[in-house]
Undergrad: 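Dropping the structure in here first, questions after.
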Amino acid sequence: MSKAHRGKGILDKPAHGRGTCARCKKDAIKVLYEQEIDGVKAQICKYCKAALKNAKNA
């Protein structure tokens with residue numbers, strides 16, 4: 001099957017969704033998830049999103 005439209009939703013974002021994660025400070029990583037950290041909404045990567053989800057469930 002074709003995968004021609006994969007990632008189409010992030011083409012309109014600045015730098016195609018890439019930037020610096022507000023939590024782990026990794027550079028040039030896809031920051032697609034909005035999360036509230038210390039009362040401020042920030043963009044975080046999928047690894048930090050998963051870590052926050054796992055910490056909440058533990």
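Predicted model only: the values in this text are computed from it and were never measured.
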Undergrad: Is there a path of hydrophobic side-chain contacts, each under 4.5 Å between heavy atoms of I/L/V/M/F/W/Y residues, joining Y33 to I10?
TA: yes
Undergrad: Looking at SG of C45 and NZ of K30, how far apart are the two atoms once the value is rounded to the nearest 0.5 Å?
TA: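 Taking SG in C45 and NZ in K30, the distance rounds to 12.0 Å.
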Undergrad: If you round to the nearest 0.5 Å, how far is NZ of K25 from OG1 of T20?
TA: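 The OG1 atom of T20 sits 9.0 Å away from the NZ atom of K25.
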Undergrad: To the nearest 0.5 Å, tell me how far I37 CD1 sits from Q43 CD.
TA: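 One gets 10.0 Å once the value is rounded to the nearest 0.5 Å.
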Undergrad: Identify whether the distance between the nearest side-chain nitrogen and carboxylate oxygen of E34 and K41 falls below 4.0 Å.
TA: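 Looking at E34 and K41, the cut-off is met.
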Undergrad: Show your working on side chain to side chain contact (heavy atoms under 4.5 Å, CB included) between N57 and K53 and close with a plain yes or no.
TA: CA-CA 6 Å; N57 290 336; K53 181 181 175 185; 4.0 Å; yes
Undergrad: Would you check, one step at a time, whether the test side chain to side chain contact (heavy atoms under 4.5 Å, CB included) holds for V31 with I29?
TA: CA-CA 6 Å; V31 286; I29 194 166; 4.2 Å; yes
Undergrad: State the OH-CZ distance between Y47 and R23, to the nearest 0.5 angstrom.
TA: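 The CZ atom of R23 is 14.0 Å from OH of Y47, to the nearest 0.5 Å.
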Undergrad: Using 0.5 Å steps for rounding, measure from the CZ atom of R6 to the NZ atom of K3.
TA: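 Here the rounded value is 5.5 Å.
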Undergrad: For A28, does its backbone N or O pair with a side-chain atom of R18 as donor and acceptor, under 3.5 Å?
TA: yes
Undergrad: According to a 4.5 Å side-chain heavy-atom criterion applied to Ile, Leu, Val, Met, Phe, Trp and Tyr, with indirect links allowed, do L52 and L32 form part of one hydrophobic cluster?
TA: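 Same cluster.
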Undergrad: With rounding to the nearest 0.5 Å, note down the distance linking CD in Q35 to SG in C48.
TA: 10.0 Å
